[in-house]
Structure formats: C-alpha cells, structure tokens
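Structure first, commentary second.
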Amino acid sequence: MAFESLTDRFSAIFKKMKGESKLTEKNMDEMLREIRVALLEADVNFKVVKAFTTDVKDKALGQDVYSKVNPSQMLVKICHDEIEELLGSDQTDINYNSGKPTVIMLCGLQGSGKTTSAGKLAYLQKNKLHKRVLLAALDVYRPAAVDQLKQLSETVGVDFFTMGTDISPVEIAKKAKEKAYNDHYDVVILDTAGRLQIDETLMKELQDINKEVHPEEVLLLIDAMAGQDAVNVANAFNKDLRLTGAIMSKLDGDARGGAALSIKYLTGVPIKFAGIGEKIDELEVFHPDRMADRILGMGDVVTLVEKAKEAIDEKQAKKDAQKMLDGDFTLDDMLRQMKQINKIGSLGAIAKLIPGMPTLTDEQQDRAKKEMKVFEAIVNSMTPYERRHPEVLKFSQKSRIAKGSGMTNADVNRVIRKYEQSKEMMKQMKQYQKSGKMPGGGFPGGFPGM
C-alpha cells in the first residue's frame, strides 16, 4: 500500500519524541529534519516538503505548549492537520446537481486505465452512492475502448450510451447529456479518449467537449506510480480544462505516495477518488482526514465500519455475536464469521485500518489465507451433526474428515482446538461483561488463520 514506508518513518519519529519531556528548539529541529528526509524519500516534491516543515514549525512555535503538552501528541496533531490540508481538506466533495443530471467528464493519458476507472466510478456511484448512472463512450479512436466500456456497464449494471465511432465525440457528449436529462439520470460519466502529453489535437477536442456540455466535474485519472511526473500531467490538463479533481489510481501498490501529497499543493487539483485495487468495486471516495490518519499510523476506523456495513448482514452479525458471547456457537457459525470478515477485505488491509495494529507481512497474510482455506475445507467435510458437536469426533471420524478435505488428522485437530479455545475465550468475555474485569491473554491461539 502507498505510504507504508512513510507511515513507518512517522511512527519512529513520534516514538522518539515520546521520550522528550518538553519541546525545545533543538529537538524540534531534529524532528523536522527527520520528517524532511522521510517526505523526500517518499517522493514528495521539495517545494511541498519545505512548506510542510515550515508550517509545522510555525504552528508549534505559535502555541504555548513547550511545558504543558506532550510533545509527541502535539506534533502528531499539527502534522495531521498539515497533511490533511495538503491532501485537499474539505475540497473533495463532488458537486452534484440538484434535480438534474451531474455530468462527470473523465480524462487522462493513453494507457492509464481510464476506461476501467470509468467503470469503477459508475459502480461506486450506483452501489455506494445510490445514483442512477449513464456511461457514455466518447473514445471513437479505439473501437476496443467502446466495447470495453459496454462490457463494464453490463458488469456494473448501469446503462450505456454510444453512437459508434463515426460521430464526433463532441456530438456524442451533447446527445449523452440530452438523454441523461430526458430520462432522469442522476449522473452521466463521459469516458473521453486518452491522449499523449504532446497531443494538442485531442486536448482541443477535450476543450470543445468541455465548452459544449459544461460538466460539473472534470476529473483527471492519475497513476500514483507516476511519481512527480503526475504533477506535470495535472498541470498540463488543468491549464486547458480547469480540472475540478483527480482520481488517484494504484494507491494499493508500491507507490511511495509523493504524488498524492504533492498534487493539490502544486496544482490546486484535489483528489476526489482513490483506486485501491483492480476489482470493479475497489474505488473509494477520497477522505483527506482519513488518509492523514493512515499516513500517521492512526488507522481508519470510520472506513473500516463503512466497509463492514457494506459487506456484512447486520441482523445475522448481531445474532452470531450473541451466540458467540453465550458460548452457543458451532463450527458453522465460526466459518460464517470468517467469511464475513473476508468480505470486508484482506486481513492485511483490515489491519491497516485498525489503530495500533502491526502491519502484516506478505508471508503472514499468505499463511493466514492458507489456514482459513484449510479451516473451511475441514468444516465442509464434516456432517451437520459433527459441526455442531465436534467434541464427539473419534480417530476414525477425524481420519474420514481429513481424507475428504485433503488434509491431515493434525489439521483436523488444530481446527477443533481453535474452536474450543474460541469458546473458552467467549466464556471469559461473558464473565468480563458481568464483572468488569478484563480476561488476560487475549484471543487464545489467535484469530483463525493467524
């Protein structure tokens, strides 16, 4: 995930500051020097780094906090506010029209994944923001792009608009907007042709579309892996189109994050959406405050709760939770809980959203996935009665289950042990509810798969 190394550096810096009894000119200069290096290594533009460290120092010096407040806590708060400001603060909302369609024009460089992002944006608007969406194909130079967008519209379940490849993109945009008005769509997304940075003809075409349909949003797709070149691209498009925002793709990858932290300050273009994966549902509304939390290692509980609400059946979850606390759950219930968690995301992605949780290595995540598959295979090889009463299993039955699941008797024993440990922990939690005394030891044996 982008920002991982930056998060680690900030955490180390703030940890070091915790050892200071008060904030002085000397230790603050040392801290700012480390922050400067961390930001530059994260590929943040040097102008942004200079402004950031200057603002942090000015705000710290402007407060009577040297002997009254924990230096680490104060600096975390100031750095959080400054990062949030760099990312766009409160300027990331979409300007939706009231009572008429909102036109979103999507543009970007050739090969940047713009058409795929148009499909992701349509999915988000329809399924998460509950908008009626029309996807319009304006890339008449690549018939494959029209076909791809049509397939994406079918996958997402939104309507698709095309006039073929022999009509001017300006005319298609005009007709798409008319259809959106006449048929009462909430949002129409215009997927324009990608251009090369030196392609003035296509840029003129984008300007003509802009003048003809007056979109409420002109969004530029930017690849987080592009680093500082992303700023140059944004400046080029913004000069001719007056961009209202950006979609930052590949924030789930190995990008150092510098483009995301630099682009708003240097171009005035705020990030409005973030691509966090290749799947159609892996595009998020961008929240600068939540991203600042993540960068500073504070987690993102709000996003975690939102993901849980989208993925989990609330009534079933409450029912299962009560059964767990009562110690009256079966292996079927335990398996269902694990599947519900998988719907939210990978264990690694979930861990990043929980404050204080250590980052899981790729090896740990792979091991967890493997063990969860083993757990599911073994439970599915049991009879309904055995899932409810695994304590009755004898050696011969365990051998049958192991053979049916392609596992070993030792694997079967581990699953049963996890189950028994979980029931024991739930009994302790029940006692805690009554006594107010927290049981020691945490989750016996860890979460299944860990």
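Worth saying up front: this structure is predicted, and the values here are computed from it rather than measured.
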**Prompt:** Checking side chain to side chain donor-acceptor pair (under 3.5 Å) for the pair Asp191/Thr115: CA distance, chi angles, key distance, verdict?
**Reply:** CA-CA 6 Å; Asp191 179 34; Thr115 298; 2.9 Å; yes

**Asked** How far apart are the C-alpha atoms of Arg414 and Asp411, what are their side-chain angles, what is the distance that settles it, and do they pass the salt bridge (charged side-chain N to carboxylate O under 4.0 Å, His left out) test?
**Response** CA-CA 5 Å; Arg414 272 193 291 272; Asp411 291 326; 2.4 Å; yes

**Prompt:** For Tyr265 and Asn45, what are the C-alpha separation, side-chain angles and deciding distance, and is it a side-chain contact (heavy atoms from CB on, under 4.5 Å)?
**Reply:** CA-CA 10 Å; Tyr265 181 87; Asn45 183 277; over 6 Å; no

**Request:** Starting from the C-alpha separation in whole Å, work towards a yes-or-no answer on side-chain contact (heavy atoms from CB on, under 4.5 Å) for Glu386 and Leu331.
**Result:** CA-CA 9 Å; Glu386 289 168 343; Leu331 280 166; over 6 Å; no

**Request:** Using the side-chain contact (heavy atoms from CB on, under 4.5 Å) rule, take Val269 and Leu220 through it: C-alpha gap first, then chi angles, then the decisive distance, then the call.
**Result:** CA-CA 9 Å; Val269 179; Leu220 174 67; 5.8 Å; no

**Request:** Evaluate side-chain contact (heavy atoms from CB on, under 4.5 Å) for Leu87 paired with Leu261, printing each intermediate quantity in order.
**Result:** CA-CA 6 Å; Leu87 291 170; Leu261 284 168; 3.9 Å; yes

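Cation-pi check for Lys120 over Phe273 is not met; the charged atom does not lie both under 6.0 angstrom from the ring centroid and within 45 degrees of its normal.
A salt bridge does not link Asp332 with Arg336: every distance from a Lys NZ or Arg NE/NH1/NH2 to an Asp or Glu carboxylate oxygen is 4.0 Å or more. Classification of Arg9 and Glu41 as a salt-bridged pair holds, one side-chain N sitting under 4.0 Å from a carboxylate O. Ion pairing of Lys150 with Asp147 is absent here, as no side-chain N (NZ or NE/NH1/NH2) approaches a carboxylate O to less than 4.0 Å. The residues Lys423 and Glu391 are annotated as not salt-bridged, no charged nitrogen and carboxylate oxygen being separated by less than 4.0 angstrom.
Rounded to the nearest 0.5 Å, atoms OH (Tyr419) and CG (Leu335) are 13.0 Å apart. To the nearest 0.5 Å, atoms OG (Ser249) and CD (Glu278) are separated by 10.5 Å. Between the CG atom of Leu243 and the CE atom of Met105 there is a distance of 8.5 Å, given to the nearest 0.5 Å. For the atom pair CD1 (Ile295) and CZ (Arg290), the distance works out to 14.5 Å, reported to the nearest 0.5 Å. From Leu6, atom CG reaches atom CG of Leu39 across 5.5 Å, with rounding to the nearest 0.5 Å. To the nearest 0.5 Å, atoms CG (Asn413) and CZ (Phe395) are separated by 9.0 Å.
Here the closest heavy-atom approach between residue Gly194 and residue Leu202 is recorded as O-CD1, 3.3 Å. Nearest approach of Leu219 to Ala246, heavy atoms of both residues: CD2-N, 4.3 Å. Nearest heavy-atom pair across Cys107 and Leu206 is CB-CD1, 4.2 Å. Contact detail for Val156 and Ile280: the closest heavy-atom pair is CG2-CG1, 3.8 Å. Nearest heavy atom pair, residue Arg132 against residue His184, reads NH1-O, 3.4 Å. Closest non-hydrogen pair, His287 versus Val285, comes out as CD2-O, 3.4 Å.
Between Leu129 and Asp186, the closest side-chain pair of non-hydrogen atoms is not below 4.5 Å. Proximity of Ile104 to Leu121: side-chain heavy atoms (C-beta onward) are separated by under 4.5 Å at one or more points. Using a 4.5 Å heavy-atom threshold, the side chains of Pro215 and Ile209 count as separate. Looking at heavy atoms from C-beta onward, Lys264 lies out of side-chain contact with Leu86 at the 4.5 angstrom threshold. A heavy-atom distance below 4.5 Å is found between the side chains of Phe52 and Ile35. Contact check for Arg195 versus Phe237: side-chain heavy atoms found under the 4.5 Å cut-off. Within the 4.5 Å cutoff, side-chain heavy atoms of Phe160 are placed close to those of Val146. Between Val415 and Met407, the closest side-chain pair of non-hydrogen atoms is not below 4.5 Å.
When the options Asn95, Asn97, Thr102 are evaluated for a side-chain hydrogen bond (donor to acceptor under 3.5 Å, both in side chains) with Glu216, the one that passes is Asn97.
Counting only distance, with no hydrogens or angles, the side chain of Gln125 and the backbone of Ala122 share no donor-acceptor pair below 3.5 Å. In this structure, Asp223 contributes its side chain and Met225 its backbone to a donor-acceptor pair below 3.5 Å. Between the side chain of Asn238 and the backbone N or O of Ala234, no donor-acceptor pair lies under 3.5 Å. Counting only distance, with no hydrogens or angles, the side chain of Ser153 and the backbone of Asp159 share no donor-acceptor pair below 3.5 Å. Lys114 places a side-chain N or O within 3.5 Å of a backbone atom of Thr192 that can act as its donor or acceptor partner. With hydrogens and angles disregarded, a donor-acceptor distance shorter than 3.5 Å links the side chain of Asp333 to the backbone of Thr330. Ser262 contributes no side-chain N or O that, together with a main-chain N or O of Ala259, makes up a donor-acceptor pair within less than 3.5 Å. At distances below 3.5 Å, at least one donor-acceptor pair connects side-chain atoms of Arg387 with backbone N or O atoms of Val379.
With sequence neighbours left out, the salt bridge (Lys or Arg N to Asp or Glu O under 4.0 Å) criterion links Asp281 to no other residue.
Ring planes of Phe10 and Phe14: parallel class, angle under 30° (limits at 30 and 60°).
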